Amino acid sequence: MASEPPSTRQLGFHQLHRGFRNAWWRSVLGIVVLVAVGVVLLQVILNTAISVAIALGGSDDVSGDYDRLLDLSDPTPFGLARLMLVLAGLIPVVFAVSWFLHRMRPGWRTSIAPRMRWGFFGICLVISVLALIATLMVGTLMPLDSQADGAVEITPSVNEFTSKSLQFLLVVLVLVPFQAAGEEYAFRGYLTQVFGGHFGAWVAILAPALLFALAHGAQDPPIFVDRFAFGLIAGILVVKTGGLEAAIAMHVLNNWLAFSMAIFFGDLGDALNPSGGTWWSLPVTLTQSLAYLGMVLFAARQLGLKTTVSEAELVASRGRV
């Protein structure tokens with residue numbers, strides 16, 4: 001049977017590369033540039049600027065002050081902000097790679113609209129709160145040592161709220177949306193479309209989810225599985241809804257909750273360097289993820305959300321900013 005002509009073929013979000021410059025070498029080069037610039041170069045630039053600022057501030061021990069400022073085992077508000085800014089910096093890097101390597105407008109990295117569908121994003125934020133409530137209900141049935149991701153030991157008393165706590169809270173409230181969006185644009189935006197441009201939907205979901213979990217470094221098996229499961233749910237949402245909105249909303253709320261709980265009831269260093277995970281945490285987090293997945297897909301169907309775009313529209317948009 002003859003394939004559909006490009007003018008009528010419908011492509012999902014994960015397949016959008018097929019309507020642009022999709023040579024395999026562009027995909028490989030794009031991943032290399034994303035890592036080299038978005039992960040390595042951005043850190044070098046920020047770290048150099050921080051060292052210069054410390055030196056200009058009259059420090060007698062630039063190296064020691066630098067290490068103390070950016071030590072994530074005993075984090076400072078400045079060190080947390082630096083980490084989030086590096087991850088947020090992935091957004092412009094993804095946009096630049098999209099344009100220069102694939103002649104792809106940045107909007108196509110967000111959704112098939114091609115833009116952020118703010119109304120749907122707002123609905124997803126509300127749904128993420130509902131899913132959280134379901135999670136808390138299941139959490140009450142689990143053993144006391146089943147923390148959300150095995151990363152933070154929650155104490156029954158509230159931590160003393162100091163000026164440093166306020167600084168941490170402001171960093172979390174302001175920068176988490178950009179940090180979470182940066183990770184989603186890199187993994188569920190660029191990588192999902194790279195793999196989807198050459199393989200089927202399941203590879204486009206599984207490969208970025210695995211890379212997402214591995215990118216968090218050494219971790220106990222329960223924590224790794226938890227992050228891999230998060231990546232799978234986020235990938236399914238992206239493919240099924242035609243955009244990043246649901247994945248970003250889920251990521252933002254998860255990080256807001258995790259960091260806020262650490263500030264008020266736990267230790268932020270534990271949240272940033274999780275260890276000692278427990279398998280009991282998985283029923284809790286899976287409840288949240290699966291409840292969120294079901295409610296978002298139901299909402300998308302009720303809204304009649306468009307999830308594909310014609311290849312002709314993609315071809316027509318090439319080279320246009």
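Values below: every heavy atom of this structure, side chains too, minus hydrogens, waters and symmetry copies. Computed from a prediction, not measured in an experiment: that's the story for all the values here.
Grouping Ile, Leu, Val, Met, Phe, Trp and Tyr by side-chain contacts under 4.5 Å, direct or through others, leaves Phe298 on its own. Hydrophobic cluster membership for Val126: none, as no Ile, Leu, Val, Met, Phe, Trp or Tyr side chain comes under 4.5 Å of it.
Rounded to the nearest 0.5 angstrom, Leu206 CG and Phe195 CZ are separated by 10.5 Å. In this structure, Thr307 OG1 and Arg301 CZ are separated by 11.5 Å, a value rounded to the nearest 0.5 Å. Separation of atoms CD1 (Ile123) and CD (Gln302) is listed at 10.5 Å; rounding is to 0.5 Å. One distance of note links CG of Leu16 with CZ of Arg105; it measures 12.0 Å at 0.5 Å rounding. Atoms CG and CD1, on Leu70 and Ile50 in that order, are 4.5 Å from each other to the nearest 0.5 Å. Atom-to-atom distance recorded for Leu272:CG and Phe259:CZ is 5.0 Å, nearest 0.5 angstrom.
Annotation: side-chain hydrogen bond (donor to acceptor under 3.5 Å, both in side chains) contacts of Asp74 (sequence neighbours excluded): none. Listed by chain and residue number, Ser59, Arg68 satisfy the side-chain hydrogen bond (donor to acceptor under 3.5 Å, both in side chains) test with Asp65 (two or more places apart in sequence, or in another chain). Residues passing the ring pair (Phe, Tyr, Trp, His ring centres under 6.0 Å) test with His17, sequence neighbours excluded: His102, Tyr190. With sequence neighbours left out, Phe187 forms a ring pair (Phe, Tyr, Trp, His ring centres under 6.0 Å) with Phe212. Every residue two or more places apart in sequence or in another chain was checked for a salt bridge (Lys or Arg N to Asp or Glu O under 4.0 Å) with Arg109, and none qualifies. Contacts of Phe95 classified as ring pair (Phe, Tyr, Trp, His ring centres under 6.0 Å), with partners at least two apart in sequence or in another chain: Tyr185. Checked against ring pair (Phe, Tyr, Trp, His ring centres under 6.0 Å), Phe161 has the following partners two or more places apart in sequence or in another chain: Phe264. Residues satisfying the side-chain hydrogen bond (donor to acceptor under 3.5 Å, both in side chains) test with Thr162, not counting sequence neighbours, are Ser165. Take Ser163 and apply the side-chain hydrogen bond (donor to acceptor under 3.5 Å, both in side chains) test, not counting sequence neighbours, and it matches no residue.
Within the 3.5 Å criterion, the main-chain N or O of Ser310 finds no donor-acceptor partner in the side chain of Glu313. Proximity of a side-chain donor or acceptor of Asn22 to a complementary backbone N or O of His198 within less than 3.5 Å is not detected. Glu184 places no side-chain N or O within donor-acceptor distance of the main-chain N or O of Gly189, the cut-off being under 3.5 Å. Between the side chain of Asp220 and the main chain of Pro222, no donor-acceptor pair closer than 3.5 Å is present. With Glu311 contributing its side chain and Arg9 its backbone, the two residues share no donor-acceptor pair below 3.5 Å. A side-chain donor-acceptor contact under 3.5 Å links Thr76 to the backbone of Leu69. Checking side-chain atoms of Glu245 against main-chain N and O of Ser111 turns up no donor-acceptor pair under 3.5 Å.
Counting non-hydrogen atoms of other residues, nucleotides and ligands closer than 6.0 Å to CZ of Phe228 gives a total above 12.
Residues Phe230 and His251 place their aromatic rings such that the two centres sit under 6.0 Å apart.
Looking at every heavy atom in both residues, Phe199 comes nearest to Arg18 through O-NH2, 2.8 Å. Here the closest heavy-atom approach between residue Leu169 and residue Ser260 is recorded as CD1-OG, 4.2 Å. In plain terms, the two heavy atoms of Leu11 and Gly19 that are nearest each other are CD1-N, 4.1 Å. Heavy atoms only, all atoms of each residue included: Thr241 and Leu305 are closest at O-CD2, 3.5 Å. For the residue pair Ala262 and Ala271, the shortest heavy atom distance occurs at CB-CB, 4.0 Å. Ile91 and Gly182 get closest at one heavy-atom pair: CG1-CA, 3.5 Å.
Trp118 and Trp108 fall within the same hydrophobic cluster, defined by Ile, Leu, Val, Met, Phe, Trp and Tyr side-chain heavy atoms under 4.5 Å apart, directly or through other members. A continuous path of ILVMFWY side-chain contacts below 4.5 Å connects Val158 to Leu257, so both sit in one hydrophobic cluster. Note on Ile263: it clusters hydrophobically with Trp256, by side-chain heavy-atom contacts below 4.5 Å among ILVMFWY residues. Taken together through direct or relayed side-chain contacts under 4.5 Å among Ile, Leu, Val, Met, Phe, Trp and Tyr, Val52 and Leu42 form parts of separate hydrophobic clusters. When hydrophobic clusters are built by joining Ile, Leu, Val, Met, Phe, Trp and Tyr residues whose side-chain heavy atoms come closer than 4.5 Å, directly or via intermediates, Val62 is not grouped with Ile45.
Paired with Tyr292 under the rule side chain to side chain contact (heavy atoms under 4.5 Å, CB included), one option of Leu132, Thr287, Leu130, Leu237 passes, and it is Leu237.
Within the cation-pi definition used here (under 6.0 Å to the ring centroid, within 45° of the axis), Arg26 does not qualify as a partner of Trp24.
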Val93 vs Leu34, side chain to side chain contact (heavy atoms under 4.5 Å, CB included): CA-CA, chis, key distance, verdict
CA-CA 7 Å; Val93 176; Leu34 183 62; 3.9 Å; yes
Check step by step if side chain to side chain contact (heavy atoms under 4.5 Å, CB included) holds for Val33 and Phe100.
CA-CA 11 Å; Val33 172; Phe100 289 107; over 6 Å; no
Kindly determine whether Met116 and Ile248 satisfy side chain to side chain contact (heavy atoms under 4.5 Å, CB included), including the steps that lead there.
CA-CA 11 Å; Met116 177 68 81; Ile248 292 175; 4.0 Å; yes
Check the pair Leu214 / Phe224 against side chain to side chain contact (heavy atoms under 4.5 Å, CB included), numbers first and verdict last.
CA-CA 8 Å; Leu214 291 172; Phe224 176 85; 3.7 Å; yes
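Within the 4.5 Å cutoff, no side-chain heavy atoms of Thr192 are placed close to those of Ile205. Inter-residue side-chain proximity for Gln179 and Leu175 is flagged as unmet; no heavy-atom pair is nearer than 4.5 Å.
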Ignoring hydrogens and angles, write down the donor-acceptor pairs under 3.5 Å from the side chains of residues 77-88, residues two or more places apart or on other chains.
| unit_1 | atom_1 | unit_2 | atom_2 | d |
| --- | --- | --- | --- | --- |
| Arg82 | NE | Asn47 | OD1 | 3.1 |
| Arg82 | NH2 | Gln43 | OE1 | 2.8 |
| Arg82 | NH2 | Asn47 | OD1 | 3.0 |

